[in-house]
Amino acid sequence: MPNSAIIFSGVRTRFAPSPTGFMHVGNLRTALYEYLLAKSMGGSFVLRIEDTDRERLVEGATDTIFQTLKCAGLIHDEGPDIGGPCGPYVQSERMHLYRPYAEQLVREGKAYYCFCTKERLDQLRLSSDNPDSAGYDRHCRTLSDDLVAEQLALNMPHVIRQKVPLEGVTTFFDHVYGEISVPNKDLEDQVLIKADGFPTYNFANIVDDHLMGITHVVRGSEYLSSTPKYNLLYQAFGWNIPEYVHLPLIQGKNPDGTVSKLSKRHGATGFEDLVAEGYLPEAIINYIALLGWCPKDNTQEVFSLEELVRAFSIDGISKSPATFDYDKLDWFNSEYIRAMDARAFYEHAAPYYRQLGVDEALSATLLEVLQPRITKFIEIPEKISYVKALPEYDLSLFEHKKSKSTIETSISMLGKLTDLLSDISEWNKDSLMSRLTALAESEGVKNALVMWPLRIAVTGTLVTPGGAVEALLLIGQKESLNRIEIARARLSIFNN
RNA sequence: GGCCCGUUGGUCAAGAGGUUAAGACAUCGCCCUUUCACGGCGAAAACAGGAGUUCGAUUCUCCUACGGGUCACCA
């Protein structure tokens, strides 16, 4: 018999993903809460890979799990890559452990061998009154010992099933949902060991949680309905039942206004996809932390991971499902961007404008103009594309009600600006600003009447980050004058 | 369909028998202003419905409706 569980002190949580693809934000949030729960109570966070489904294995998926956790800052204390006292931490490497436990249950009459074929089971489902609700009919539950021995001796393919009590009620306590009771007659004799010899998730899960000393099982609420079966298993072994913390689902908003479980059609739902779309890992973590959990002092919204650890408590977790809101994520992302110091912002932003071929010397202006205005860094190229090339634009852009700018005033102002700007020797913010405001003053008009046509002529863009002065700075004197000439030439059709 | 869970503004949510039912995002308006954004101020917007219990229910109980989850040799 394998060793029994090592005795640990303190809280131990585990993140147990299966390597079947990318990291869904729902899974990430589960990992986050497991991390927060453990760390907030000075405990350990364990990573375990559940790869018992050989058919759904995806190459590289385990690396994605490692990278995502690292990138999100959820550092585990034990896991496949760093080891620990309960290794190995990959279920396929613990294969030898599970069957003896299952056989122990068989010997004790709490589980049994089942030789039913896939075909029989399919047939069972089809012939049932209600194909959707048919469970296993417990055909092999009462096979004689002799018959079982005979089948086994013949090497007949088989599984091991849990023998669920036919009567009674199983009750468990969940820290989020409270006490939940289910009649045992509604529980199926689930498979523990599959025909390929691998344990099912249902079985490996409880064996490993026990052996690894997991004190708090945190998982999505979709496991709520199978929890009674797990408890029956713990009881069958005489093991302690862990604390349960089931999490509300994360839903997505459908185009028709309804909601359903968050999936690809709602937009990016993988951590990597969100990062690729321009969301900062810290912002994603901050946002999903608040999806289904609320701090005691709920005046604060922006939390670092350390702050989350300090603020976290189980009773702040809500029962009702939350809808993923990209607008709110956007807001968090901009908050994180605005809070960056100059160096960090530069490091994130520079690659985007360099890729546009914009001169490094313009960084100062660019940074100042961009930081308060972007929600994601990937927006940078489209926001400043006018710097590299004057876009085609409609002359109607020169008309702007709020600035009182019209075609006529534009023609007039641009004429004056040509002279004024050719004349400037120091092409910097202060001198440009003072010369332009001086012009407005001498003309007896508002600054906007000068700035509007200038900005349009120089950028050809209705909305730009920063104003006319910044645009002039970014484009340079020569090209600015060139663009003003282009505008004047085009506007000349309105003369006469 | 059986079983389980849920339901406070468009979204995230606080509130746990007596409150003008917080706050944030989004929306709209105003201010600031060189367009936009930032910032400031403000507006609109909610206890799913019905029975109880109670002097009083958003808060407790039950029912209904709606939403979700689950019923695999997937996790």
Side-chain angles (χ1 to χ4, degrees), chain A residues 16-18 20 50-53 55-56 114 116 118 121 125 129-136 157-161 174 176-178 180-183 185-188 190-196 198 200-202 204-205 219-228 246 248-249 251 253 257-261 287 290-294 296 298-301 318-332 334 338 369-375 383 397 400 402-403 405 433 436-437 440 446-452 454-456 459 461-471:
Chain A
S18 49
T20 53
E50 308 229 338
D51 58 347
T52 56
D53 185 347
E55 287 172 19
R56 292 208 309 166
C114 170
C116 291
K118 189 89 186 158
L121 263 18
R125 254 187 290 276
D129 293 343
N130 185 348
D132 292 329
S133 69
Y136 177 56
H158 62 275
V159 302
I160 296 179
R161 285 181 185 272
D174 178 84
V176 175
Y177 291 92
I180 295 175
S181 297
V182 180
K185 67 173 171 54
D186 293 331
L187 270 20
E188 193 185 7
Q190 63 179 347
V191 171
L192 269 20
I193 301 289
K194 298 185 259 190
D196 65 3
F198 275 81
T200 57
Y201 159 84
N202 298 313
N205 181 46
R219 50 154 84 118
S221 62
E222 65 267 29
Y223 289 95
L224 229 29
S225 56
S226 34
T227 300
H246 285 93
L249 242 69
Q251 302 180 313
K253 211 176 300 175
T258 61
V259 292
S260 53
K261 191 171 175 174
Y287 175 60
L290 265 17
L291 258 192
W293 170 78
C294 185
K296 279 276 177 295
N298 74 342
T299 53
Q300 184 181 351
E301 291 221 82
S318 62
K319 296 179 175 64
S320 43
T323 305
F324 196 90
D325 181 5
Y326 290 91
D327 283 338
K328 187 89 185 221
L329 213 209
D330 281 347
W331 178 76
F332 272 107
S334 4
R338 275 180 245 129
V369 147
L370 255 15
Q371 187 158 8
R373 267 173 269 251
I374 57 171
T375 294
K383 283 210 188 298
L397 292 195
H400 183 64
K402 206 175 139 205
S403 306
S405 180
M433 186 58 114
L436 290 168
T437 51
K446 291 260 203 186
N447 287 341
L449 200 64
V450 175
M451 300 297 192
W452 184 270
L454 175 56
R455 208 188 98 251
I456 296 300
T459 66
T461 306
L462 184 58
V463 173
T464 57
V469 173
E470 286 80 5

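Chain naming here is simple, since letters A, B, ... match the order of the sequence lines and numbering starts at 1 in each.
A donor-acceptor contact under 3.5 angstrom links the side-chain atoms of A:Arg373 to the base of B:C36. A donor-acceptor contact under 3.5 angstrom links the side-chain atoms of A:Arg455 to the base of B:U35. With hydrogens and angles ignored, no donor-acceptor pair under 3.5 angstrom links the side chain of A:Asn298 to the base of B:A24. Counting atom types as modelled, A:Lys328 pairs a side-chain N or O with a base atom of B:A24 as donor and acceptor under 3.5 Å.
Within the 4.0 Å cut-off from OP1 or OP2 of B:C71, not a single side-chain nitrogen or oxygen of A:Ser226 is found. Using a 4.0 Å cut-off, some side-chain N or O of A:Lys402 falls inside it from OP1 or OP2 of B:C36. When the side-chain nitrogen and oxygen atoms of A:Arg56 are compared with OP1 and OP2 of B:A75, none of them lie within a distance under 4.0 Å. Between A:Arg338 and B:G39 there is a side-chain polar atom (N or O) within less than 4.0 angstrom of OP1 or OP2. Of the side-chain N and O atoms in A:Thr52, one or more sit less than 4.0 angstrom from OP1 or OP2 of B:A75. Regarding contacts with the backbone of B:C74, a side-chain N or O of A:Lys194 is found under 4.0 angstrom from either OP1 or OP2.
Here the side chain of A:Val463 is nearest to one of B:A24, B:U35, B:A75, namely B:U35. Comparing atom distances between the A:Cys294 side chain and each of B:C74, B:A14, B:G6 picks out B:A14 as nearest. Comparing atom distances between the A:Ser318 side chain and each of B:C73, B:U34, B:A13 picks out B:A13 as nearest. For A:Gln251, the listed nucleotide lying nearest its side chain is B:G67; candidates were B:U34, B:C73, B:G67. Between B:C3, B:U11, B:G6, one nucleotide has an atom nearer to the side chain of A:Lys319 than all others, and that is B:G6. When the nucleotides B:C71, B:U35, B:A24 are ranked by their closest atom to the side chain of A:Glu188, B:C71 comes out on top. Comparing B:G6, B:C73, B:U34 by their nearest atom to the side chain of A:Met451 picks out B:U34. Minimum atom distance to the side chain of A:Ala322 is reached by B:A13, of the listed B:G69, B:U11, B:A13. Checking B:A14, B:G69, B:A37 against every side-chain atom of A:Leu249, the shortest atom distance belongs to B:G69. Of the candidates B:C12, B:G2, B:U34, the closest approach to any side-chain atom of A:Thr323 belongs to B:C12.
Looking at heavy-atom distances under 4.0 Å, A:Val450 makes no contact with the nucleic acid at all. Residue contacts shown for A:Ala448 are limited to sugar-phosphate atoms, with no base heavy atom under 4.0 Å away. Nucleic acid contact class of A:Val191 (heavy atoms, under 4.0 Å, all strands): sugar-phosphate only. Among the protein residues, A:Ser181 comes within range of the sugar-phosphate backbone only, with heavy atoms under 4.0 Å from sugar or phosphate atoms but none that close to a base. A:Leu121 comes within contact range of at least one nucleobase, with a heavy-atom separation under 4.0 Å. A:Gly292 comes within contact range of the sugar-phosphate backbone alone, with a heavy-atom separation under 4.0 Å but no base atom that close.
A heavy-atom distance below 4.5 Å is not found between the side chains of A:Arg161 and A:Leu192. Proximity of A:Thr200 to A:Gln190: side-chain heavy atoms (C-beta onward) are nowhere separated by under 4.5 Å. Between A:Glu50 and A:Thr20, every side-chain heavy-atom pair lies at or beyond the 4.5 Å cut-off.
Between the side-chain ring of A:Tyr223 and the base of B:A75, a stacking contact exists by the 5.5 Å and 30° definition.
Consecutive Watson-Crick or G-U pairing (both distances under 3.5 Å) extending over three or more pairs maps onto RNA chain B as B:1-7 with B:65-71, B:10-12 with B:23-25, B:27-31 with B:39-43, B:48-52 with B:60-64.
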| task | Under the ring pair (Phe, Tyr, Trp, His ring centres under 6.0 Å) rule, what do A:Tyr201 and A:Tyr223 come out as? Steps first, then yes or no, please. | result | CA-CA 12 Å; A:Tyr201 159 84; A:Tyr223 289 95; 5.5 Å; yes
| query | After noting the C-alpha distance and the side-chain angles of A:Tyr177 and A:Leu224, does the key distance pass the side-chain contact (heavy atoms from CB on, under 4.5 Å) rule? | reply | CA-CA 9 Å; A:Tyr177 291 92; A:Leu224 229 29; 3.9 Å; yes
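In terms of position along RNA chain B, the nucleotide closest to A:Thr464 lies nearer the 5' end than the nucleotide closest to the other residue of the pair A:Thr464 and A:Glu50. Between A:Ala16 and A:Tyr287, the residue whose closest nucleotide on RNA chain B is further toward the 5' end is A:Tyr287.
Nearest heavy atoms, A:Gly292 versus A:Ala322: N-CB, 4.4 Å. The two residues A:Cys116 and A:Tyr136 make their nearest non-hydrogen contact at SG-OH, 3.1 Å.
Taking the charged nitrogens against the carboxylate oxygens, A:Asp325 and A:Lys328 have no contact shorter than 4.0 Å, which rules out a salt bridge.
Note on ring orientation: taking the six-membered ring where Trp is involved, the planes of A:Trp452 and A:His400 are parallel (angle under 30°, cut-offs 30° and 60°).
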